[in-house]
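These notes concern the structure reproduced below.
Atom set for the values below is all heavy atoms of this structure, side chains included, hydrogens, waters and symmetry mates excluded. Since we're looking at a predicted model, the values are computed, not measured. As the structure lists them, so they are numbered: ligands from 1, and atoms in each ligand from 1.
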Amino acid sequence: ETMARKFFVGGNWKMNGDFASVDGIVAFLNQSADNSNVDVVVAPPAPYLAYAKANLKAGVLVAAQNCYKTAKGAFTGEISPAMIKDLGLEWVILGHSERRHVFGESDALIAEKTVHALESGIKVIFCIGEKLEEREAGHTKDVNFRQLQAIVDKGVSWENIVIAYEPVWAIGTGKTASPEQAQEVHEWVRAFLKEKVSPAVADATRIIYGGSVTADNAAELGKKPDIDGFLVGGASLKPDFVKIINARS
Ligand SMILES: O=C(COP(=O)(O)O)NO
C-alpha cells in the first residue's frame, strides 16, 4: 500500500542574502496563505537563521544549510546540531552537492553528521545526486545508491529524514531533469529503501527533487508519484517560490 506522503518544499538560499533581502523573502512568505498539505522549510545562511526564525510565520520552518558532527569543540567556523536546536530550529540540510563537490565532504563524514544531527533531535534533508559525467557513464544508480548506503550502514532511523535527489548537472544550470528522468531515479531510490531498509520506510520516506525547479516546471514534476516535493535554490529567493510551494494543490 502507498501511504500518502505529505508534500515537502525546501528553499535553499545558499550563500545569498542580507537583512534587506531576508526581509523581502520573509514578507512574501508571511503574506502567502498557509497550505496544510505542504511542509515548508527555508534554509538561510547561518548568520540569518535566528532573524529568519524570529520573523517568519509559524507555517514556515527554518533549516540550517549544514552542520558539523559533534556538539561543540575546537572546530573553527563550524556550527553544531546543538546550536541549531538552541535556535529553536528542527531541520538541517546535509550532503548538499556543494558540500560534497566544492568543499570535499566524503560520504563517511556526511554519514557521521547525519547520525549526530538525528541523535541531537534535528531532522535531516539528506542530499544525493550524480554528476553529468557519472550519468553519461551509466553510473547514476550506483552513485546515488552509494551515497544512501553510507547512512544505511549507520542504521539510522528514517522517520526524520527527507531524501533530496539533486542531479548535480541540474543545479543552477537551468537544465532541469525531465519529470521522467527525475521519477526514474526517485523510483530507484524508493526501491533501494524497500530492499535495504523496509517496505514501510520506502513508502513513508519523502523523496524530493532539486535542480533548477521553477514555478513553470514544478507542477509537471509534482505530478510524478515518487516526487514528494522539491529542494529549491535560486527560485526560492523570489516570490514565485510560493507558486512552487502550492504546485501540487
Ligand atoms: O541546490 C539546489 C538547487 O538549486 P537551483 O534550484 O538553483 O538549481 N537545491 O539545494
Side-chain angles (χ1 to χ4, degrees), residues 7-17 21-22 24-25 28-29 38-46 48-49 52 60-67 84 89 91-105 110 113-114 117 122-132 134-135 140 143-144 147-148 161-179 181-182 185-186 189 206-222 224 227-248:
F7 214 54
F8 186 104
V9 177
N12 175 7
W13 301 0
K14 304 192 181 187
M15 190 175 76
N16 294 296
S21 67
V22 172
I25 297 169
F28 71 66
L29 287 171
V38 189
D39 286 328
V40 182
V41 182
V42 295
Y48 302 103
L49 287 171
V60 178
L61 299 183
V62 176
Q65 294 180 14
N66 186 31
C67 67
I84 296 168
L89 311 184
W91 286 93
V92 66
I93 299 172
L94 288 174
H96 189 277
S97 75
E98 284 134 30
R99 298 308 310 173
R100 294 175 187 271
H101 304 305
V102 176
F103 300 99
E105 291 191 13
I110 296 162
K113 289 183 171 192
T114 301
I122 298 296
K123 300 171 186 169
V124 175
I125 299 171
F126 185 83
C127 301
I128 60 174
E130 79 286 353
K131 292 190 274 193
L132 184 59
E134 292 169 330
R135 172 172 282 264
T140 299
V143 167
N144 286 284
Q147 293 171 340
L148 282 170
I161 294 176
V162 169
I163 296 170
Y165 167 58
E166 299 200 302
V168 181
W169 47 271
I171 295 175
T173 61
K175 298 191 184 89
T176 319
S178 71
Q181 282 177 317
V185 178
H186 284 227
V189 169
R206 271 90 60 90
I207 306 168
I208 65 178
Y209 168 78
S212 295
V213 172
T214 66
D216 297 331
N217 58 41
E220 278 310 299
L221 284 159
K224 290 299 182 183
I227 298 178
D228 303 315
F230 306 113
L231 185 52
V232 184
S236 71
L237 300 169
K238 303 188 185 74
D240 262 6
F241 182 53
V242 175
K243 293 179 185 159
I244 298 169
I245 290 168
N246 297 314
R248 190 173 264 187

Gap separating the CD1 atom of I227 from the CZ atom of F8, nearest 0.5 angstrom:
15.5 Å

Are any of the heavy atoms in G174 under 4.0 Å away from ligand 1?
no

Give me the residue, atom name and distance of the protein heavy atom closest to atom 7 (O) of ligand 1.
G234 N, 2.9 Å

Does ligand 1 come near enough to G172 that some N or O of the ligand is less than 3.5 Å from an N or O of the residue?
yes

Does at least one non-hydrogen atom of A235 fall below 4.0 angstrom from an atom of ligand 1?
no

Tell me the protein heavy atom at minimum distance from atom 6 (O) of ligand 1, and give that distance in Å.
G233 N, 2.9 Å

Under 4.0 Å from a heavy atom of G211: give me the atoms of ligand 1 that qualify, with their elements.
3 (C), 8 (O)

Side-chain donor or acceptor of N217 paired with backbone N/O of S212 under 3.5 Å:
yes

Provide, to 0.1 Å, the distance between atom 2 (C) of ligand 1 and the closest protein heavy atom, together with that atom's residue and name.
E166 OE2, 3.1 Å

Within this structure, what is the OG-CD1 distance for the pair S97 and I171, rounded to the nearest 0.5 Å?
3.0 Å

Can you confirm, on distance only, whether ligand 1 has an N/O atom lying under 3.5 Å from any N/O atom belonging to E98?
no

Approximate separation, where rounding is to 0.5 Å, of H96 NE2 and Q65 CD
8.5 Å

Within the structure provided, determine whether I163 and I208 are in side-chain contact (heavy-atom separation under 4.5 Å).
no

For ligand 1 and N12, I'd like to know whether there is a polar contact (N/O to N/O, distance under 3.5 Å).
yes

Atoms in ligand 1 with a heavy atom of A170 nearer than 4.0 Å
8 (O)

Suppose I only count heavy atoms of S212 and a 4.0 Å limit; which atoms of ligand 1 are within that range?
5 (P), 6 (O), 8 (O)

According to the interplanar angle, ranging from 0 to 90°, do the rings of H186 and Y209 count as parallel (below 30°), tilted (30 to 60°) or perpendicular (above 60°)?
tilted

With a 4.5 Å cut-off on side-chain heavy atoms, are V168 and E134 touching?
no

Between I171 and ligand 1, which part of the residue brings a heavy atom under 4.0 Å of the ligand: side chain, backbone, both or neither?
both

How about N12 and I125: do any of their side-chain heavy atoms sit closer than 4.5 Å?
no

